[in-house]
Amino acid sequence: MSDRRRAILEGAARVIARRGVRGLRVGDLAAEAGVSTALIYYHFKDRTGILRQALAFITDRADRYTGAADGAGIPPADADPRRLLERILLLEFQDLPEVRENSTAWGELRAHTVFDPELRDELSAAGAAWVEEVAGLLAALRPAAPAAAVGSAAERLTALLEGLSGRWLSGLLPVGHARDLMRGAIGVEIDRLGSLDSRID
């Protein structure tokens, strides 16, 4: 990705996080990114193109920081599915500007699709990929659990994370408590799938 394209997408994430999708104006984005409006239209064609690419950028950036080596005090995964599952979910709660901005922008894009379906397919695909990643780790932990139960557990965990994220970002929940709640939910889902394992045996 070129430096200018990256600057535009970083600017789009900042503007969406600060003003919401409805507050994203191409002129304001150009000023935020330090480029001309013509360059934005050259790279993204129209506002919908900007939003689609911003969503992909935000998703990729989340993948990078949830796999970060330092891990904000969260132990490295070491190929252990449970530790990897905890990392990818708990690292969504970090008091870092990039993480807060990313989580806020994701929430704004998700809320936007309630009223305007233009990004619904892309958001649905990104959400489905996230659920599939979580389900894969749960299946590695509980291989005898039925696939439908594993998928439902992954849906619950990712939905809970989005809800906790909204509370954390709005100041209703300290970051440490959000992580504790998420860690507890992970344990509950793994235990629940384990009880299904024993029923099958």
Side-chain angles (χ1 to χ4, degrees), residues 52 55-94 96 98-100 102-114 117 119-169 172-201:
R52 285 191 173 116
L55 174 61
F57 174 78
I58 288 164
T59 302
D60 290 345
R61 190 162 67 171
D63 288 344
R64 283 194 307 275
Y65 65 68
T66 57
D70 60 2
I74 295 166
D78 298 330
D80 173 6
R82 180 167 185 151
R83 290 176 81 170
L84 183 54
L85 179 62
E86 288 183 355
R87 281 183 68 79
I88 66 170
L89 296 177
L90 299 179
L91 286 177
E92 290 287 348
F93 303 102
Q94 298 182 66
L96 299 173
E98 179 183 68
V99 177
R100 293 182 72 87
N102 227 54
S103 294
T104 303
W106 173 267
E108 290 293 332
L109 287 161
R110 189 180 67 244
H112 175 72
T113 62
V114 171
L119 296 179
R120 201 165 286 162
D121 289 344
E122 289 85 355
L123 195 72
S124 178
W130 189 28
V131 169
E132 186 177 327
E133 181 181 14
V134 171
L137 292 167
L138 289 169
L141 286 162
R142 298 293 189 225
V150 170
S152 294
E155 288 274 7
R156 284 190 294 272
L157 287 173
T158 54
L160 175 63
L161 190 145
E162 288 182 338
L164 291 173
S165 181
R167 289 187 180 191
W168 162 58
L169 291 167
L172 301 175
L173 199 61
V175 68
H177 190 49
R179 280 190 189 153
D180 288 344
L181 291 171
M182 196 72 233
R183 193 177 280 113
I186 292 167
V188 166
E189 293 296 348
I190 291 170
D191 290 348
R192 184 178 173 281
L193 291 172
S195 72
L196 295 175
D197 278 358
S198 62
R199 279 188 236 162
I200 292 167
D201 293 341

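When reading the values below, keep in mind they use all heavy atoms of this one structure, side chains included, and skip hydrogens, waters and symmetry mates.
Inter-residue side-chain proximity for H177 and L181 is flagged as met; some heavy-atom pair is nearer than 4.5 Å. F93 places none of its side-chain heavy atoms less than 4.5 Å from the side chain of V99. Proximity of R179 to E92: side-chain heavy atoms (C-beta onward) are nowhere separated by under 4.5 Å. Side-chain atoms of L169 and R100, non-hydrogen and from C-beta on, do get closer than 4.5 Å to each other. Side-chain contact between W168 and S103: present, with at least one pair of heavy atoms (C-beta onward) separated by less than 4.5 Å. With contacts defined as side-chain heavy-atom distances shorter than 4.5 Å, the pair R183/D180 qualifies. At least one side-chain heavy atom of W106 sits under 4.5 Å from a side-chain heavy atom of L123.
For W130, there are no ring pair (Phe, Tyr, Trp, His ring centres under 6.0 Å) partners at least two apart in sequence or on another chain.
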task = Could you walk me through whether L161 and L157 pass side-chain contact (heavy atoms from CB on, under 4.5 Å), step by step?
result = CA-CA 6 Å; L161 190 145; L157 287 173; over 6 Å; no

query = Are L85 and D80 close enough, and set up right, to give a side-chain contact (heavy atoms from CB on, under 4.5 Å), and what steps lead you there?
reply = CA-CA 9 Å; L85 179 62; D80 173 6; over 6 Å; no

query = Run the side-chain contact (heavy atoms from CB on, under 4.5 Å) check on L90 and T66 step by step: do they pass?
reply = CA-CA 8 Å; L90 299 179; T66 57; over 6 Å; no

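One finds the CG atom of L55 at 11.0 Å from the NE2 atom of H112 (value rounded to the nearest 0.5 Å). Here the straight-line distance linking atom CG of L119 with atom OG of S124 works out to 12.0 Å at 0.5 Å rounding. Note that CG of N102 and OH of Y65 are 4.0 Å apart. Values are rounded to the nearest 0.5 Å.
Contact record, G151 with V131: O-CG1, 4.3 Å, taken as the closest heavy-atom pair. For the pair V150 and A145, the tightest heavy-atom approach, listed with the atom from each and the gap, is CG2-CB, 3.9 Å. Across all non-hydrogen atoms, the minimal contact from R142 to L193 is CG-CB, 3.6 Å. Considering all non-hydrogen atoms of both residues, A140 and P143 come closest at O-CD, 3.8 Å. Shown here for T59 and A126, the closest heavy-atom pair between the two residues is OG1-CB, 4.0 Å. The nearest pair of heavy atoms linking A154 to L138 is N-CD1, 3.7 Å.
In this structure a side-chain-to-backbone donor-acceptor pair under 3.5 Å is missing from R82 to L141. Although no hydrogens or angles enter the test, the distance criterion places a donor-acceptor pair under 3.5 Å between the side chain of S195 and the main chain of R192. Within the 3.5 Å criterion, the main-chain N or O of A159 finds no donor-acceptor partner in the side chain of E162. Proximity of a side-chain donor or acceptor of R120 to a complementary backbone N or O of T113 within less than 3.5 Å is detected.
Within the structure, every pair that satisfies the side-chain hydrogen bond (donor to acceptor under 3.5 Å, both in side chains) test and touches residues 144-159, not counting sequence neighbours, is listed here: R156-E189.
In E132, the CD atom is not crowded: 12 or fewer heavy atoms of neighbouring residues, nucleotides or ligands sit closer than 6.0 Å.
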